[in-house]
Number of protein chains: 2
Amino acid sequence: MMFSKSFGYALRGILYLGMSDEAKPWIQLDEIAQELAVPRHFLGKVMKKLVKDGVLNSQKGPYGGFCINENTLKTSLLKLMEITGEVEENGVCVLRLRKCNALNPCPMHHQIESLRRQWQALLASTFIGDLIRKDQPGFINSIAAI
Amino acid sequence: MMFSKSFGYALRGILYLGMSDEAKPWIQLDEIAQELAVPRHFLGKVMKKLVKDGVLNSQKGPYGGFCINENTLKTSLLKLMEITGEVEENGVCVLRLRKCNALNPCPMHHQIESLRRQWQALLASTFIGDLIRKDQPGFINSIAAI
DNA sequence: CATATAAAAGACAACATTGTCTTTTATTCG
DNA sequence: CGAATAAAAGACAATGTTGTCTTTTATATG
Ligand code: FES
Ligand code: FES
């Protein structure tokens with residue numbers, strides 16, 4: 001019940017772009033990494049993946065950088081987890097014994113089933129757009145570390 | 001939402017002992033590892049920790065091995081996670097930004113709060129004894145791989 | 001006591017994730 | 001075109017988890 005670093009960086013990077021002033025079309029990696037206090041090159045790799053999957057746009061060269069596009073706000077957390085590598089193989093037992101299966105359940109299957117369903121539902125039905133609070137002045141602090 | 005290998009091995013090892021015939025006082029690592037199809041020496045390290053924390057007993061020498069004790073069945077999954085190293089530091093944000101805090105929440109705090117509470121409650125209130133099904137003949141298969 | 005046995009302990013390897021650094025590629029602008 | 005800029009790409013290091021192998025320690029038995 002904890003996201004990978006990659007996932008956290010991806011989400012925070014996206015939200016930073018989503019919160020940024022539209023007057024500035026492209027935001028550079030340098031700025032994002034500095035504001036979020038995140039390792040620059042590692043964030044770069046994560047952002048690259050997001051661009052490749054069409055969740056963000058990027059532009060090389062002077063005045064280039066990253067920005068959101070028409071897909072960004074419609075992207076689900078589940079999609080984000082797929083992109084950042086939390087494979088979350090379909091229906092795998094929490095003990096990783098096998099495909100999760102109510103007919104041949106592991107000892108924890110029943111206690112955990114409902115929670116897993118809720119978790120999946122949350123990831124699939126929460127979108128980037130749901131997480132942005134442009135009206136809330138302190139929002140940017142909530143994605144910067146400490 | 002997935003346990004570490006160490007946790008899985010620990011739980012399955014304990015349950016194997018809990019299911020075993022009481023006529024045989026000590027069960028050897030060799031048998032457990034083979035039956036559960038788990039790496040023997042790695043399991044050994046995990047079992048050692050369980051013994052150190054008083055969740056199991058062990059005995060060196062001929063006819064030695066492992067067995068459950070008066071604490072075993074009363075051990076919670078939360079305790080087991082502590083022992084196997086899923087630190088689960090108290091109230092850490094899912095994005096690992098800071099101590100989790102409703103007053104200064106990260107963007108995901110509200111969506112996730114209820115699930116985390118349920119998860120914690122489940123771990124704290126489920127005990128090894130709750131997971132053993134001595135009456136169920138196929139139980140042993142449910143903790144063996146595949 | 002000598003021997004055999006099994007856990008405990010420790011050294012080390014394989015692998016995945018995370019992080020750093022350098023080089024390459026594309027783009028803007030003068 | 002040439003220089004500057006910024007992402008993309010790739011090589012590599014640090015760290016954590018998982019897995020293997022060998023040596024040490026404790027115990028039972030004859
Ligand atoms: S079989 Fe293990 S969680 Fe479903
Ligand atoms: S502040 Fe991030 S989950 Fe609570």
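In what follows, every chain begins at residue 1, and chains take the letters A, B, ... in the order their sequences are listed.
Interface residues of residues 25-42 of chain B facing DNA chain D, ordered by number: B:P39, B:H41, B:F42; criterion, heavy-atom separation under 4.0 Å. Residues from residues 60-69 of chain A placing a heavy atom under 4.0 Å of any atom in DNA chain C, listed by number, are A:K60, A:G61, A:P62, A:Y63. Only at 4.0 angstrom or more do the heavy atoms of residues 5-13 of chain A sit from any atom of DNA chain D, so none qualifies. Within a heavy-atom distance below 4.0 Å of DNA chain C, no residue of residues 47-58 of chain A is found.
For residues 128-138 of chain B, the pairs satisfying salt bridge (charged side-chain N to carboxylate O under 4.0 Å, His left out) are B:E22-B:K134, with sequence neighbours left out. For the salt bridge (charged side-chain N to carboxylate O under 4.0 Å, His left out) condition, the pairs that include at least one residue of residues 34-43 of chain B, sequence neighbours left out, are B:D30-B:R40. Among residues at least two apart or in separate chains, side chain to side chain donor-acceptor pair (under 3.5 Å) pairs with a member in residues 47-66 of chain A are A:N57-A:N69.
B:Y9 pairs by the ring pair (Phe, Tyr, Trp, His ring centres under 6.0 Å) definition with B:F42, not counting sequence neighbours. Among residues two or more places apart in sequence or in another chain, the salt bridge (Lys or Arg N to Asp or Glu O under 4.0 Å) test is passed with A:K24 by A:E31. Among residues two or more places apart in sequence or in another chain, the side chain to side chain donor-acceptor pair (under 3.5 Å) test is passed with A:S4 by A:E86.
First and last contacting nucleotides of DNA chain C toward chain A (any atom under 4.0 angstrom from a heavy atom, 5' to 3' order): C:dT18 to C:dC29.
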What are the atom names and distances for every N/O pair under 3.5 Å that joins the protein to nucleotides 12-14 of chain D?
none

